[in-house]
Chemist: 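Here it is, the structure in full.
Along the sequence shown, residues are numbered consecutively beginning with 1.
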Amino acid sequence: MKREVYILRLNHRPQRDKRVTTHLFLAARALGASGGFYSGEKDEKVERSIEKVCRSWGGEFRISYVSRWRKKMHEWKKRGGEIVHLTMYGLPIAEVIDRIRRSRKSLLVVVGGAKVPRKVYELADWNVAVTSQPHSEISALALFLHELFEGKELALKFKDAKIMIVPQKRGKKVLKLESQSKDLTNNLSC
Ligand code: SAM
């Protein structure tokens, strides 16, 4: 059975983070995560964007808002799950990924927003650095999932997709798998 991997995005601020948080969850979905949570300010625009992509492109990825990230992390561990926090201050991914991969526990991958409270570092089972240089939550998450799934995520198929791309050497070929799928140009832009 596929291992469950969820993302917790901390401290979302609609004004500054709308695109980043949406893109973070799109990357998570495309690269094999099962779903996500976000804390900070509730943002229905982000939720609707992700729902729209999932309706058209398939799969079971869902996100939900959590008002108390600390409670979420405590509960995750209480239910037997494991937590990875992505931070440039953590241990190099190359040193720890084999051990993280070997565990079959459901995994919560925490990524920060503007400022990450100390408690996150303490509650995480693993503080993992994807290089010790600052970059972004999206690149850190993408590389982490790629290492975790060892590239198998690149060939994922999504259940109940209404549209699907047929890879081409040049140009675009899109299959409509259901007649009522309309807004094709919009979906192509993601
Ligand atoms: N200075 C911020 C802090 O308090 O940690 C980092 C902000 S960074 C734009 C947002 C998030 O991207 C971080 O919290 C972390 O999850 C992720 N990130 C950025 N660079 C990373 C790296 N080299 N390794 C792992 N995660 C990283």
Side-chain angles (χ1 to χ4, degrees), residues 1-12 20-40 42-43 46-47 50-51 53-55 57-113 116-130 136-161:
M1 204 181 91
K2 188 175 156 256
R3 185 176 185 186
E4 288 204 320
V5 178
Y6 283 79
I7 315 306
L8 170 59
R9 197 273 196 273
L10 300 173
N11 195 19
H12 170 73
V20 176
T21 301
T22 303
H23 289 178
L24 177 85
F25 285 133
L26 290 181
R29 172 189 169 275
L31 300 175
S34 314
F37 310 99
Y38 70 100
S39 69
K42 185 163 166 61
D43 188 341
V46 169
E47 294 180 19
I50 302 300
E51 275 165 26
V53 168
C54 294
R55 263 200 310 279
W57 295 85
E60 288 168 351
F61 188 91
R62 300 289 176 268
I63 64 165
S64 58
Y65 173 71
V66 292
S67 53
R68 296 164 63 195
W69 57 265
R70 197 186 290 230
K71 185 169 171 233
K72 179 60 137 188
M73 289 178 75
H74 277 297
E75 282 174 1
W76 195 269
K77 293 180 79 164
K78 221 159 131 189
R79 290 190 191 146
E82 207 162 12
I83 300 179
V84 165
H85 167 224
L86 296 179
T87 165
M88 64 181 178
Y89 303 104
L91 297 175
I93 187 166
E95 283 179 18
V96 295
I97 194 67
D98 286 345
R99 275 179 285 162
I100 295 172
R101 199 186 292 122
R102 249 180 268 134
S103 160
R104 301 316 298 160
K105 294 178 177 178
S106 51
L107 195 63
L108 185 66
V109 183
V110 182
V111 298
V116 179
R118 188 175 187 81
K119 194 73 193 166
V120 176
Y121 292 78
E122 291 167 7
L123 283 173
D125 297 287
W126 301 95
N127 288 292
V128 177
V130 182
S136 96
E137 44 275 64
I138 304 172
S139 48
L141 180 67
L143 282 162
F144 175 79
L145 293 174
H146 187 59
E147 290 291 315
L148 181 73
F149 294 131
E150 297 179 288
K152 296 184 190 84
E153 80 289 353
L154 298 176
L156 271 179
K157 301 270 182 274
F158 289 83
K159 215 171 97 189
D160 298 328

Chemist: Let me confirm one number: the CD-NZ distance from Glu47 to Lys42, rounded to the nearest 0.5 Å.
Modeler: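 Nearest 0.5 Å value for the CD-NZ distance: 3.5 Å.
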
Chemist: Are the side chains of Glu147 and Val130 in contact, using a 4.5 Å heavy-atom criterion?
Modeler: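 Not in contact.
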
Chemist: With a 4.5 Å limit on heavy-atom distance, are the side chains of Phe61 and Phe158 in contact?
Modeler: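 SC-SC contact between Phe61 and Phe158 ruled out.
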
Chemist: What residues form a side chain to side chain donor-acceptor pair (under 3.5 Å) with Glu75, not counting sequence neighbours?
Modeler: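 Listed in chain order: nothing, the list is empty.
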
Chemist: Going by heavy atoms in the side chains, are Trp76 and Ser106 under 4.5 Å from each other?
Modeler: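 In contact.
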
Chemist: How about Val84 and Val96: do any of their side-chain heavy atoms sit closer than 4.5 Å?
Modeler: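 Side chain of Val84 against side chain of Val96, heavy atoms only: no contact under 4.5 Å found.
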
Chemist: Determine the minimum heavy-atom distance between Leu156 and Ala30, stating which atoms define it.
Modeler: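 Looking at all heavy atoms of both residues, the closest pair is CD1-O, 4.0 Å.
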
Chemist: Taking salt bridge (charged side-chain N to carboxylate O under 4.0 Å, His left out) as the test, write out the residues that go with Lys159, two or more places apart.
Modeler: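 Testing Lys159 for salt bridge (charged side-chain N to carboxylate O under 4.0 Å, His left out), a comparison that skips the adjacent residues, returns Glu60.
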
Chemist: Determine whether Val111 and Phe144 make a side-chain contact, defined as any pair of heavy atoms from C-beta on separated by less than 4.5 Å.
Modeler: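 In short, these two side chains do not touch, never coming nearer than 4.5 Å.
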
Chemist: Could you walk me through whether Ile100 and Leu107 pass the side-chain contact (heavy atoms from CB on, under 4.5 Å) test, one step at a time?
Modeler: CA-CA 9 Å; Ile100 295 172; Leu107 195 63; 4.2 Å; yes

Chemist: With rounding to the nearest 0.5 angstrom, report the OG to OH distance, Ser34 to Tyr6.
Modeler: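 Those atoms lie 5.0 Å apart.
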
Chemist: Drop me the distance from Ser139's OG to Leu86's CG, to the nearest 0.5 angstrom.
Modeler: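 If I round to the nearest 0.5 Å, the distance is 10.0 Å.
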
Chemist: Who passes side chain to side chain donor-acceptor pair (under 3.5 Å) against Glu137, sequence neighbours left out?
Modeler: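 Checked Glu137 against side chain to side chain donor-acceptor pair (under 3.5 Å); matches are Arg9.
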
Chemist: Which atom pairs, donor and acceptor, lie under 3.5 Å between side-chain atoms of residues 66-73 and protein residues at least two apart or in another chain?
Modeler:
none

Chemist: Once you round to the nearest 0.5 Å, how far does CZ of Arg62 lie from CZ of Phe25?
Modeler: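 With rounding to 0.5 Å, CZ (Arg62) is 13.5 Å from CZ (Phe25).
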
Chemist: Show the nearest heavy-atom pair for residues His85 and Val116, with the distance to one decimal.
Modeler: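 Heavy atoms only, the tightest pair is NE2-CG1, 3.7 Å.
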
Chemist: Start with the C-alpha distance between Leu123 and Val110, add both sets of side-chain angles, then the distance that settles side-chain contact (heavy atoms from CB on, under 4.5 Å), and finish with yes or no.
Modeler: CA-CA 11 Å; Leu123 283 173; Val110 182; over 6 Å; no

Chemist: Who passes salt bridge (charged side-chain N to carboxylate O under 4.0 Å, His left out) against Asp160, sequence neighbours left out?
Modeler: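 In terms of salt bridge (charged side-chain N to carboxylate O under 4.0 Å, His left out), with neighbours along the sequence ignored, Asp160 is linked to no residue.
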
Chemist: Please identify each residue that fulfils salt bridge (charged side-chain N to carboxylate O under 4.0 Å, His left out) with Arg55, with sequence neighbours left out.
Modeler: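 Partners of Arg55 by the salt bridge (charged side-chain N to carboxylate O under 4.0 Å, His left out) criterion come out as none, since no residue qualifies.
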
Chemist: Write out all pairs satisfying salt bridge (charged side-chain N to carboxylate O under 4.0 Å, His left out) with one or both partners inside residues 120-129, taking only residues at least two apart or from two chains.
Modeler: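 For residues 120-129, and leaving out neighbouring residues, the salt bridge (charged side-chain N to carboxylate O under 4.0 Å, His left out) pairs sorted by first residue read Lys77-Asp125, Arg118-Glu122, Lys119-Glu122.
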
Chemist: For residues 87-94, which side-chain donor-acceptor pairs fall under 3.5 Å, sequence neighbours excluded?
Modeler:
| residue | atom | partner | partner atom | Å |
| --- | --- | --- | --- | --- |
| Thr87 | OG1 | Tyr89 | N | 3.1 |
| Thr87 | OG1 | Tyr121 | OH | 3.4 |

Chemist: Partners of Tyr65 by ring-ring contact (aromatic ring centres under 6.0 Å, His included), sequence neighbours excluded?
Modeler: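 With sequence neighbours excluded, Tyr65 shows a ring-ring contact (aromatic ring centres under 6.0 Å, His included) to Tyr38, given in chain and number order.
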
Chemist: Please name all residues satisfying side chain to side chain donor-acceptor pair (under 3.5 Å) with His146, sequence neighbours left out, ordered by chain then number.
Modeler: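 If we apply the side chain to side chain donor-acceptor pair (under 3.5 Å) test to His146, skipping adjacent residues, the hits are Glu153.
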
Chemist: Nearest 0.5 Å, please: how far is CG in Leu148 from CG in Leu143?
Modeler: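 Taking CG in Leu143 and CG in Leu148, the distance rounds to 12.5 Å.
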
Chemist: Can you check whether Leu154 reaches Phe149 side chain to side chain, under 4.5 Å on heavy atoms?
Modeler: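 No, every pair of side-chain atoms sits at 4.5 Å or beyond.
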
Chemist: What residues form a side chain to side chain donor-acceptor pair (under 3.5 Å) with His12, not counting sequence neighbours?
Modeler: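 By the side chain to side chain donor-acceptor pair (under 3.5 Å) rule, His12 matches Thr21, Asp43.
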
Chemist: Do you know the tightest heavy-atom contact between Leu24 and Ile7?
Modeler: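 Looks like CD2-CG2, 4.2 Å.
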
Chemist: Scan for salt bridge (charged side-chain N to carboxylate O under 4.0 Å, His left out) pairs involving residues 20-33, sequence neighbours excluded, and state none if there are none.
Modeler: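 The answer is none; no pair qualifies.
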
